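On a predicted model such as this, the values are computed, not experimentally measured, just so you know.
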Amino acid sequence: MKLADLATGPDWIIWTVFVVFAVLSIILLSGHGSWFISGYNMASKEEKEKYDEKKLCRTTGIGMSIIAILILIMGLFENFLSAFFIYIAVGIIMVDVVVIIILGNTLCRK
């Protein structure tokens, strides 16, 4: 069974999700867009001063880029990839999110 066999919706949805993730990751990689980072955007001014905002944005941007690349791979190769790739992609995304959280709370502190 191929990945395309599981797809029931229109193809433009996956491409829209890819574009959204790609644009968000570009904004975050540029060091801007800290208002997109959940928790940081709601933190008090004293709490925000404990973090290096540019590092936090770039760390989150790299993680978002990994997710965007996975979505791109799934969109381009849906006719060739096995349906099992969904499990691999979900596993990679879960590890990616955990790494972003850990790095955000260690590497990005001042």
Is it the case that one hydrophobic cluster holds both Val98 and Ile62, taking links as side-chain heavy atoms less than 4.5 Å apart, direct or via other members? no
Report whether Ile66 and Leu107 are members of the same hydrophobic cluster (ILVMFWY, side-chain heavy atoms less than 4.5 Å apart, transitive linking). no
Any side-chain heavy atom of Glu78 sitting closer than 4.5 Å to one from Leu6? no
When clusters are formed by joining ILVMFWY residues with side-chain heavy atoms under 4.5 Å apart, either directly or through shared neighbours, do Ile86 and Ile73 land in the same one? yes
I need the Ile101 CD1 to Thr106 OG1 distance, nearest 0.5 Å. 11.5 Å
Might you point out which heavy atoms bring Phe85 and Met74 nearest each other, and give the distance in Å? CE2-CG, 3.4 Å
Identify the two heavy atoms, one from Ile100 and one from Gly63, that lie closest to each other, and give their separation to 0.1 Å. CD1-CA, 3.4 Å
Between CD1 on residue Ile69 and CD1 on residue Ile92, distance to nearest 0.5 Å: 11.0 Å
Which label fits Tyr87 and Phe84: parallel for a plane angle under 30°, tilted from 30 to 60°, or perpendicular past 60°? tilted
Just how far is it from atom CG of Leu81 to atom CD1 of Ile88, taken to the nearest 0.5 Å? 8.5 Å
Correct closest heavy-atom pair for Ala68 and Phe21 would be CB-CB, 3.8 Å
Enter the distance from Thr59:OG1 to Ile102:CD1 here, rounded to the nearest 0.5 Å. 12.5 Å
Could you walk me through whether Ile71 and Trp15 pass the side chain to side chain contact (heavy atoms under 4.5 Å, CB included) test, one step at a time? CA-CA 8 Å; Ile71 294 171; Trp15 296 114; over 6 Å; no
Got a second to check how far Leu72's CG is from Ile67's CD1, nearest 0.5 Å? 14.0 Å
Quick one: closest heavy-atom pair of Lys54 and Ser30, and the distance? NZ-O, 4.3 Å
To the nearest 0.5 Å, what is the distance between CG on Leu29 and CG on Leu24? 11.0 Å
Side-chain heavy atoms under 4.5 angstrom apart, residues restricted to Ile, Leu, Val, Met, Phe, Trp, Tyr: same cluster for Leu70 and Leu76? yes
Both conditions, 6.0 Å and 45 degrees, for the charged tip of Lys48 above the ring of Tyr40: are they met here? yes
What are the two closest heavy atoms between Cys57 and Gly33, and how far apart are they? SG-C, 4.3 Å
Honestly curious: do Leu28 and Phe18 fall in one hydrophobic cluster under the side-chain, below-4.5 Å linking rule? yes
Of all heavy-atom pairs between Asn41 and Trp35, which one has the smallest distance, and what is that distance? ND2-O, 2.9 Å
